[in-house]
Structures are given as C-alpha cells and as structure tokens.
Amino acid sequence: MERVINRINSNINTYIEELKDFLRIPSISTSEQYKKEMLTGANFVADKMRTASLKNVKVIKTKGHPLVYADWLNAPGKPTVLIYGHYDVQPVDPISLWDSQPFDPVIKNGKIYARGATDDKGQMYMHIKSVEAYLKTVKRLPLNVKFIIEGEEEIGSENLEEFIYNNTKLLKCDTVLISDTALYGPGIPTITYGLRGLTYLEIEVTGPNRDLHSGTFGGTIANPINVLAEIISKLMDKNGHITIPGFYDDVIRITKKEKENFSSLVFSEKKFAKEIGVKKLKGEKGYTTLEREWARPTLDCNGILGGFTEEGAKTVLPSKAMAKISMRLVPNQDPYKISKLFTKYVKSITPDTVSIKIKDLHGGYPVLTPLDDKATIAGANAMAKAFGKKTVFMREGGSIPIVTVFAKKLKAPSVLMGLGLNTENLHSPNEHFDLKHFHLGILSSAYFLQEYAK
Ligand code: BES
Ligand code: MN
Ligand code: MN
C-alpha cells in the first residue's frame, strides 16, 4: 500500500495536467452540436484507462453518446467493484458570467476552474489514477474492478439504462463506487447515503390562436400567462406544502435517529444564506434546512416563458405561456406515479377558458442506502484514512437516477464517495474543483479498494 500511496503523492502534478487536458474537451451532452466532442471525451477516458493498464477497454456506441468500459479481473475469489462516473458536462450559459473560459482550465488558490471540474470529470478521473497507481507499482489490484463511464448523465442516462438491461453479466458486481456528490464541507470526509429523485414536466397553456392587441381584446379573454401563474400558485400552500392530492402518500418520514444525525452536523443558516446571497431562507414549515434539502420533497418552477420580454413595452396578449416544473422526490415516491398525480391535478385546476398540454420530460427514483452496508463502511473507513479524520454521513438534495437501476438490475448497492462541494458552482458559471480534494479523492479511492477487499 505504501508504494501505491507514494506513487499518488509524487505524481499528483502530472494528474492535474492530465485533468486539464480532459477539461479542455467541451463534452456537452445536451446539444447535438457537440457530438464530435463527446466522442473525443469518450476516447480520452479510454486512452487514460489503457495507460493505467486496465484491460478490455472499449468505447461503446449507443443511440446517443458513447459509453466507456474497462476492467481488471485478475483477483479470483475477491469481490468486484463497478466504478461509475460521467464525462458529459452541462452547457456553459450564461457565458458572460464566467471569469475565465469554461473550457480553458485555470488554477486559482488551489482550485481548478472549468466546466465539468467538479461535476464530474475531476471526480471520475480520481479512480482511474488510483487504479493506475496500483497497476504501475504492485502490478495488481486487491480486488476486481470494472469501469462504466457514461456521456448522458446530465440528460437522463437513457442509453446507459438500456445498456445495463442488456449487459447485466458484463457489469455484474458486488457494489458500485461513485464519486459524483459532495463533501459536507471542505476537508470533511463524507459518505452520502441518500439522493432525491426527480419528476420533470413542461406545461403549455394556450389561449387565443394568435397574439392579440391588449387594448382591443384585453378584458374579454383569459390571458395564458395569468392562467399559468394562477396554476403555479396553487401547487403549494403558504406553509410550503405541495397541494397535489396524494403527493405525500409514499414519503418515508425522517426517523428520530436521522434527525439527530442531521442536527449533529455543524450548520449555520446565516452562512448558508450569505453564501448564496439571499436575505432569508424559506422552506416547508416544520423542518430544518438540512431536512428540507435532503429528506423532504419539493416543487419548483425551473423556467417560464411567454409574451413580450424584450426591451421596452409592447401591449400584447400572448397566445401561449409555458413553464418547466420539477419535483425533487424522496423515498419511496415513484416518479411515474407523481407525474400522473401532477397531471391530473393541474388539469383539474385549469379553467376551461384555455387549453393545456403537459409533457413528462424525464425523471429518476430517490435513493437510500443502508448505513451498515459493507461497501458503505469500507467507503467511510477509506475516507477517514485519507483525510485523517472521522467520516460523516449525509443525504443529498441532488439526483443520480442511474443508482436505482444499478440496485434493481445488478442487485448492487452504491457507495457515494463524493469529493465535490455544493459551493463549487456545478451547473453554473465558474465551476471549480478543489485540488486538495482531488488529491484526497485519489487516496480515498485507493484505500477503498484495499478496505473493500478485506
Ligand atoms: N452530480 C450531480 C448530482 C448531484 C448534485 C449530487 C449535487 C450531489 C450534489 C449530477 O450530475 C446531476 O446534476 N444530476 C441531475 C440529474 C438530472 C439531470 C436527472 C440533477 O440532480 O439535477
Ligand atoms: Mn454529476
Ligand atoms: Mn450534473
């Protein structure tokens, strides 16, 4: 182990240079425009896996963006870890708010700035380096390892899901190791044991067959924007409870033990509010901020469109109005069931003066992994070794929908050993990743393989 750790410590600067090369590839999965760059991203990952002495490295075509697979299976009788990550990144807009170019990584104060730095290129890359450190020094791993790296996490993982269905044997494993979540705070080793799920819909309200003069027609018809606003305002009451009938039916209550664990974590509402620049926090009545973020479902309008939005004033009644609405779900809510309940309720509160179309965009199931799982314990021990501190356990407000597919189809629990920070601007301008955590993540990964092999 000492040789492995020494190798990581003495090569960290090379790893950072490689990560920079990785971050230069604009692998944005949402738009067709970057199809070529997505392939470049997949090939980059595959090349680094080959250099790491992994076997059976393959770039696998799908209907969408390619997957990358690799393995090292020379530890008979030992468990198998499947390492998952994603090389696709979010779009960069609004570009004007970036202090440096999103695909020209720069290091400032020990942090690397680029799109994908923390979500998830930097985190995913840690595992390739830890495996490489073993294979280049002691020439073997303490257990069997498989990698599956995808390029569609940010757009719903549809093709990976299908691939898992058709390749359960290839991906067969005892546990899945994922670094795509956050630490509780800088320098705090953290295992995440819960993720929220998601239902994402688009609603479109149509009134007149064309935009109309708001003087000659104003007062005679229902304005689709007004109607849409009314609908949205009826989805939540003044206590922050979602009003959709049946919405909470399957929600697992927060246990007393969990409440205690949450409140044992150092948390300042003031600091939290200040960091994101709000005057005051707001959420569901009767719950703390951490409970609201990790263990309670939400409903939010993610975008709204309609009418005249350019400079100046135009007196017009719009023909249409549109809103994107998403709900973060908690165990045991089912995204399909929630989508149906939402649709039924919204239709029931829509006045007959307009027509409405509701489209289900994508979703994912929430996750809760048992704290006494062997892999979770190995993860906690590994991080504690790397950081030299006791590991804390938390849940997370974000979603990684593929985790449930691993659980259902491969019958394998996931260990969420994330090294990011929620303040590292993922999905937003000036995304960055703390290089201290990058280094500690490689060490944690190396220790995990040792711990889980025991
Ligand atoms: N890595 C994130 C999920 C995440 C975010 C975990 C913050 C922990 C903290 C992932 O890449 C992501 O963005 N997921 C989407 C899922 C969606 C596209 C289905 C999300 O949570 O919005
Ligand atoms: Mn991610
Ligand atoms: Mn993401």
Side-chain angles (χ1 to χ4, degrees), residues 22-23 27-31 41 64-65 83-92 102 114-127 148-161 176-185 188 190-202 276 290 293-295 297-300 302-303 324-330 335-336 338-339 360-369 393-405 414-429 431-434 437 441:
F22 193 12
L23 292 171
S27 47
I28 303 172
S29 52
T30 38
S31 112
H65 303 304
I83 298 173
Y84 162 82
H86 63 95
Y87 67 87
D88 64 322
V89 303
Q90 284 279 333
V92 297
R115 173 56 89 228
T118 187
D119 184 16
D120 174 45
K121 283 175 170 172
Q123 296 205 51
M124 184 267 276
Y125 201 58
M126 303 178 313
H127 299 292
I148 188 78
I149 307 298
E150 72 159 318
E152 299 187 324
E153 196 278 338
E154 303 291 6
I155 53 172
S157 302
E158 229 173 81
N159 290 300
L160 174 57
E161 185 166 348
V176 185
L177 176 61
I178 305 176
S179 293
D180 192 23
T181 50
L183 300 172
Y184 183 65
I188 303 174
T190 311
I191 292 288
T192 297
Y193 67 95
L195 294 166
R196 287 198 287 194
L198 185 71
T199 293
Y200 201 121
L201 303 114
E202 184 180 306
I276 49 179
L290 285 183
E293 185 190 332
W294 294 346
T298 61
L299 183 149
D300 277 290
N302 299 110
K324 309 247 184 195
I325 292 180
S326 71
M327 287 156 277
R328 293 284 171 173
L329 312 178
V330 299
Y336 295 98
I338 294 296
S339 165
D360 191 337
L361 295 178
H362 60 72
Y365 284 87
V367 174
L368 210 50
T369 54
F393 292 89
M394 72 172 206
R395 282 167 73 167
E396 173 59 57
S399 312
I400 310 177
I402 206 68
V403 170
T404 326
V405 184
S414 292
V415 195
L416 302 169
M417 201 172 82
L419 272 293
L421 290 173
N422 285 339
T423 50
E424 287 181 330
N425 290 10
L426 52 164
H427 295 207
S428 134
E431 179 177 348
H432 55 280
F433 187 29
D434 192 325
H437 296 149

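Throughout, residue positions are numbered sequentially from 1 according to the sequence presented. Every number for a ligand or one of its atoms is a count from 1 in the order of the listing. Everything numeric in this text was worked out from a predicted model, so none of it was measured.
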**OP:** Check if Leu195 has a non-hydrogen atom at a distance under 4.0 Å from any atom of ligand 1.
**Re:**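 Flag not set, Leu195 not near ligand 1.
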
When you measure from [atom] to every protein heavy atom, which one gives the shortest distance, and what is it?
{"atom": "atom 16 (C) of ligand 1", "result": "Ser399 O, 3.5 Å"}
{"atom": "atom 18 (C) of ligand 1", "result": "Glu154 O, 3.6 Å"}
{"atom": "atom 11 (O) of ligand 1", "result": "Glu153 OE1, 2.7 Å"}
{"atom": "atom 1 (N) of ligand 1", "result": "Asp180 OD1, 2.8 Å"}

Original post:
Is the closest N or O pair between His86 and ligand 1 shorter than 3.5 Å?
Top reply: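 By distance alone, the answer is yes.
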
Original post:
the Mn ion (ligand 2) is nearest to which N, O or S atom of His86?
Top reply: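 This residue's closest N, O or S atom turns out to be NE2.
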
Name of the [X] N, O or S atom nearest the Mn ion (ligand 3)?
{"X": "Glu154", "result": "OE2"}
{"X": "His427", "result": "NE2"}
{"X": "Asp119", "result": "OD2"}

**OP:** May I ask you to identify, for Leu198, whether its side chain, its backbone, both or neither come under 4.0 Å of ligand 1 on a heavy-atom basis?
**Re:**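 Side chain only; the backbone of Leu198 stays clear of ligand 1.
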
Subject >> Heavy-atom nearest option to atom 20 (C) of ligand 1, drawn from Arg328, Glu424, Arg196 >> reply: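 Comparing heavy atoms across Arg328, Glu424, Arg196, the nearest one to atom 20 (C) of ligand 1 lies in Arg328.
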
